[in-house]
Amino acid sequence: MATQASTQAVTHPKAGPLIPERYLDVPSQRLYYFSVAALCQGIKMFEFLWPLNWNENRLALCRKWIFVDFLLVTALSLLRIPRLNYNKTTIALSISFIWFIDGLMFGGISLNVGSQGLPNSISGVIHRTSGTYEVSKPQQFSFLDVIAPFSLGLIKNPYLGRDQHLLGQHTVRMSPISTAQLNPDANTYCLTHSPGYVLLPILLNNTNVAGLKYSISPLNAPMEKAFIDVTAKHLEQTRQEHLRLTTTASPPPTTDYEDEYDEDDDDDPMMDQSKLQKSQSLVYLRISRPGVIQLEAVWDGVHNEARLVQPSAVAVVSCPSVTFVDAAGRDDAIRCAGQDNSMDLMISVNGVPPLSLRWLKTINGKRDQYLVEGIEDAHHSDSFVESSGGSQNAMKPNFVSQSIKIPLSISLNEPGTHLYALEEIVDGQGNVMRVGSQEASNEGGVASKTETTKSFLVLRQPLISFRNCNTQHPKPLLIGSETELAMAMQAADIFDAPWEISLQYQPPRESLDGSKADPRLKPWGKRLKIQDNEDEYTLRASTPGEYTITGIKGKHCVGEVLAPDTCSVVERPLPSAQIEWKRIHECSGDIGVSASLILHGTPPFQVHYKMQRDNAPAEERSKFFSSSRGELTLQPEKSGHYKFAFVAMSDANYRKVELRGPSIDQIVHPLASADFAESATGKKAVSSCAGDTVDVDVDLRGTGPWNIEFQIIGPNEPETFRVSDIDTPKKSIQIPIPEELRKNGGQFEINLLSAEDSYCKRLVSVPGMVVSVKRTWPTAQFYGKTKLRRVTITEGEHANLPLRLSGDGPWRLRYRLKGDKERTLSATLHSPNDNLRVADKGTYELIGIGDSLCPGNIISDAATYEVDWIPRPSAQLSPSIVAIHDPHNGSYILSPICEGVSGHVDLDLTGRPPFQIMYNIAQDNEMGGTKLIGQPTFNSIQPHTRFQLQTSAHGRMYYEVKQIGDTAYPLVKHKAAVIPRSDRLLFEQQVMRRPSVRFQNRNRMTYCQNEAFTPLDPASSDGILLFEGTPPFTLTLSVKDIAASHVETQTIDVYDFIWKLSLPSYQFKSIGSYLVTLESITDSSNCVQSALDPMFGSVWIDVAETAAIIPFERRQDICVGDTVQFQLEGIPPWTVGYRTNNKAHSQEVKTSPFSLLQSHPGELAITSIAHQQKTCKASVTDLRYNVHPLPSAQVGHGKRIIQDIHEGDQAEIIFTLVGEPPFTFTYQRSELSPKKGGKPGKVLETHTVSRVMTREYSIFSALEGTWTVTSIADRYCRYPPLQTELDDKSHQ
């Protein structure tokens, strides 16, 4: 067992006691805890049993012991004493249980046993007095009334918010007469198959029903009655059933087609419970068979019968009904437009006559409503029947139902959906039955029917015809193919699908060329079925002839055939051609062929032919003809054996129909011809820069070899030049330059005169070739002398370098820029005096030139040009400025300067004046960095200028020259040219703060007479001085006694920025005001002090005498709520100390006199008074008062009692008095309040009772009204006070 316990201890270790056993063993800890707990519980029991504690301080005791017990249980949990160490759940339950016991003992929780804890409906106490009953009801209570007793005094009872000294009221009412009324709203009732019963309401007034009796008689035999008794339990079940039905039933659906007749159908047949008066209630009878219901008797719990309100009978009949009775099938519900569409619908109506029927007709969404009234059987047209007496006065309503059939004639001529619906039937008793006006779910307009709806679908007749085809405009048909015949259908209805189309075919009697038609074509007729509702249907025809539509029929309706109803199909013949060849002969040979063509078919035509040369592959070509006659000429450019043949032709209907026409063979020799070859630029021109000949390219045609004859036209007479035996079609020939042009240059022209091949010679007439002979080469050079070929520009500016060019433009110039990054560039120039546009500095050298004809040379003596930049302006500190250079950041550190003292530095500027200098000004910020405070610009016309420094604000100032502009580089044009950060001029300076001092606030300080001038409250901010500058500081101040006109000056050394005013050597010898003024201050920077703030340069001190308190009247006994006034002497504010019930308090008073309002009974004593911010304090020993509680009175033990009595009875009104006797109290009787729980009405009588020595007093009264207490007085006090009571009466 020990081993198991040890194992458990190792497995589940528990913390030891909070107090180690080496200091106090466990049994001793348990003994000490039990001793402390027993002591506390003993004190609690003593305070519970001591009678002096049973007063208004019971809740304070409850809160105290709740707190003490919470500390005891929590301490037990924290101490972790073995055998007393419980889990959290046990601790929580223990605290809850102990708190509950404390609440019961000290009034935090009150248990009301008896009628006060019951609901109002059953808590009334019933007294039997001489045959009558009196019901006494307590006051109404709320949810807070229930939970307040269990809140341990933390939540106040809401009733306690009323006057706690005058509680309760007793109301006496005369019981009214009880009544019962069947069917109070005079509604009509009828029975349906579901649920098969109705609930008839009975309105009760001032009746607590215990049971009732009613009779039911058949509708056709009113004298045969059956009596039924109903108990209160059954009535309650029926009421619960009605409540369940009304809360779960959904409101009737609203439709968009409700008309003016619906306004009378919205009344609820059951009375709304919210409309009942306070004395009224509703019960219900459950009726499940037709008949006349009559209420016979209603009684309450003491068998007092209620008076029945006439009439006390109501008739319950069968609900009216209406249906269609004709048996039309679905096929009858679908009709075709144009047919005989008149028909009758039979309607069966059942109910008590006379009946009214409401029905609607909807045609294609257009709605019409109709009302038929006075429906009844002709043989039973009277709504009343004669009783057995036979007199007119004995006529009784007729409740017998009738079954009537009425016809409804309708017309179905308009295509679309026709809907007939029965909506509502009303019988002679006023019972309304909505029989469904549900429109059949006509998905897409399908006809449907129910018992209360009939719908019909009227279909349109289909129409059909051919489209884009008739006998005047036949449809063409190509041989061996098909054509499409389009048929258009109109007004077809999808519900009429499928459709059947009847077609007939008649073959042609003869073909287009007049021959007989194909005997294989026979007439035929067929029918086509179509499923889809489309606008157009296609019939594919492969034979010529006439196609005729003979009819169309749908599933339900027969359609009509519109014109055109016949479509002619004509077959188109194949195209053909008549061809005649002719040979073309010239110059002793054939040079080609020509063909004359007559074309048959539909234009336009395209003729395809083949041309084959020798053994080469045949080449197919084609040509278009827009008419039926055409000519084709073929002349090959090369000689050889050619074969020409036509292979196919096309027209508007057929493509590439084979032609078997004649072909022709011919040996073709083309005529000799020559021409100059075009250059790459497309111009027939050539130039010569050197040599005696020029090369010219010639293109030749014909049969080689060729002989060509040229003519050279120069400055003098023309020359003829002949070239023979050329064996290639393209030849480059060297043409000699005329002698007179070889030296000086010029132009001459070359013309072709004739060309001769192997067969014949022909003259050639082609444009000549122009030759330009040039003997001078182009040159290029810079203009100007060597010393003048130099230009200086600003950085970023362009320079135009002048050039001199010779030759024919345009020129292509190549040049290079010398320097560290040497590069070669090129430019195209158009003028002999053009300029070379450059922007970079350096030496530019020309290296090549060429004009439009020939390359050239560079003049070496003028091949270079220098471009330089104007240097940018700069700034630096003048050597006369004393500054320390910081190599870390390149900044110059200037000497420190005092705040507000003018300072400057001298700058030396280089450049072209005037100068513009833009610089940044920065200052140290609180985060350890710098902040930019400005970016100004100043101008200078001299190279040596003075730069003004900013000293208006103390701190570290930084200056950085960002941009410098001069005449060459103005800042306006060079905003982006910023000096690189590494090259900028930087300098900085420390601006020393000027010393200053001020008071933190201007609050007046208070001292007592003969006190030293030292701080009274270290935590107060009064008298604190704030210093600015560089410590240590030397402060001079003066203290002026205003009353004695004495001024004393003292000098103090301060080593910090904050100092609290303290002059121990100075004493306040007289009362009154003193003025402390700051005179001067210096610091270690030797800077002149800044101007002292006149608003915070001085502070006032008030020196006061000892305070005193004097009461206005001398008395020892006062009441709770009384005000005690005192006169205060001294200087405000005062601090008054007083004690109530051995508890010390203090209050700050700013004005005299001073008043204390007593809110608790006990003892009040004034203990001390002080002024000048709790200084100059004096003790008080002779001001003591006894505070007595206010008396109170209760009517009906402080409850709201409502007592109902009958005439001849009396009610007892009990008054409870609390306080010190003898008592004097006043009570009054008022009119009953018109509202439940409202204030009493007009006061009817008032009485005052004096010298009452008992604590309970009662009276008896038979009058109706509300009794309340208005005032109470005991031996010491009165409530309400006399003045308050007079004020209340004056307001009334």
Side-chain angles (χ1 to χ4, degrees), residues 181-203 214 216-220 222 242 245-246 249 251-255 258-272 275 282 284-295 309-323 347-360 369-377 380-385 395-404 406 422-437 452:
Q181 182 180 4
L182 178 64
N183 191 18
D185 291 338
N187 293 325
T188 59
Y189 297 92
C190 65
L191 292 174
T192 60
H193 296 290
S194 177
Y197 65 88
V198 295
L199 299 178
L200 298 184
I202 301 176
L203 177 63
Y214 72 93
I216 180 170
S217 58
L219 296 175
N220 54 0
H242 175 268
L245 291 176
T246 55
T254 59
T255 58
E258 293 181 352
D259 57 5
E260 66 273 13
Y261 301 105
D262 294 333
E263 296 178 358
D264 300 333
D265 301 335
D266 297 334
D267 296 335
D268 189 358
M270 302 299 178
M271 179 177 289
D272 190 1
K275 298 180 181 179
L282 278 176
Y284 299 89
L285 293 179
R286 193 175 191 272
I287 306 301
S288 59
R289 61 175 177 171
V292 178
I293 313 301
Q294 184 168 359
L295 186 62
V309 180
Q310 298 300 327
S312 60
V314 63
V316 178
V317 300
S318 297
C319 291
S321 62
V322 59
T323 58
I347 301 176
S348 176
V349 180
N350 295 278
V352 178
L355 299 166
S356 298
L357 173 64
R358 187 148 61 94
W359 60 281
L360 66 85
Q369 290 182 320
Y370 301 91
L371 177 64
V372 181
E373 297 180 322
I375 303 174
E376 59 182 334
D377 193 350
H380 302 85
S381 59
D382 294 334
S383 298
F384 292 84
V385 297
M395 299 296 291
K396 293 186 177 181
N398 182 13
F399 299 123
V400 179
S401 298
Q402 297 180 1
S403 179
I404 307 169
I406 56 176
L422 304 177
E423 285 192 299
E424 187 177 88
I425 183 72
V426 183
D427 65 2
Q429 301 298 313
N431 294 306
V432 180
M433 292 297 295
R434 298 189 66 87
V435 293
S437 76
T452 58

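The residues of the chain are indexed from 1 along the displayed sequence. Just the heavy atoms: all of them, side chains too, but no hydrogens, waters or symmetry mates, feed the values below. Every value quoted in this text rests on a predicted model; they were computed, and no experiment measured them.
Of all the heavy atoms in Glu424 and Val435, the pair that sits closest is N-CG2, 4.1 Å. Across every non-hydrogen atom of Met433 and Pro320, the tightest pair is CG-O, 3.5 Å. Taking every heavy atom of both residues into account, Ile216 and Gly291 meet most closely at CG1-CA, 4.4 Å. Taking all atoms of both residues into account, the shortest heavy-atom contact from Leu371 to Glu373 is CD2-OE2, 3.6 Å. Taking each heavy atom of Gly374 and Ser356 in turn, the nearest pair found is N-OG, 4.4 Å. When every heavy atom of Tyr189 is checked against every heavy atom of Pro201, the shortest pair comes out as OH-CD, 3.2 Å.
Looking only at side-chain heavy atoms (C-beta outward), His242 and Arg286 stay at 4.5 Å or farther from each other. Within the 4.5 Å cutoff, the side chain of Asp427 has no heavy atoms near those of the Thr188 side chain.
Rounded to the nearest 0.5 angstrom, Leu200 CG and Ile293 CD1 are separated by 6.5 Å. Separating the CG atom in Leu282 from the CG atom in Leu203 is a distance of 5.5 Å, to the nearest 0.5 Å. Rounding to the nearest 0.5 Å gives a distance of 8.5 Å between CG of Leu191 and CD1 of Ile287.
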After noting the C-alpha distance and the side-chain angles of Leu245 and Leu199, does the key distance pass the side-chain contact (heavy atoms from CB on, under 4.5 Å) rule?
CA-CA 11 Å; Leu245 291 176; Leu199 299 178; 4.2 Å; yes
Could you please spell out the steps behind the side-chain contact (heavy atoms from CB on, under 4.5 Å) verdict for Leu357 and Leu355?
CA-CA 7 Å; Leu357 173 64; Leu355 299 166; over 6 Å; no
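Checking each of Asn431, Val198, Val352 against Cys190 for a side-chain contact (heavy atoms from CB on, under 4.5 Å) leaves exactly one that passes, namely Asn431.
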What pairs of donor and acceptor atoms, side-chain ones from residues 310-317 against any protein atom, are under 3.5 angstrom apart with sequence neighbours left out?
| unit_1 | atom_1 | unit_2 | atom_2 | d |
| --- | --- | --- | --- | --- |
| Gln310 | OE1 | Ser312 | N | 3.4 |
| Gln310 | OE1 | Ser312 | OG | 3.4 |

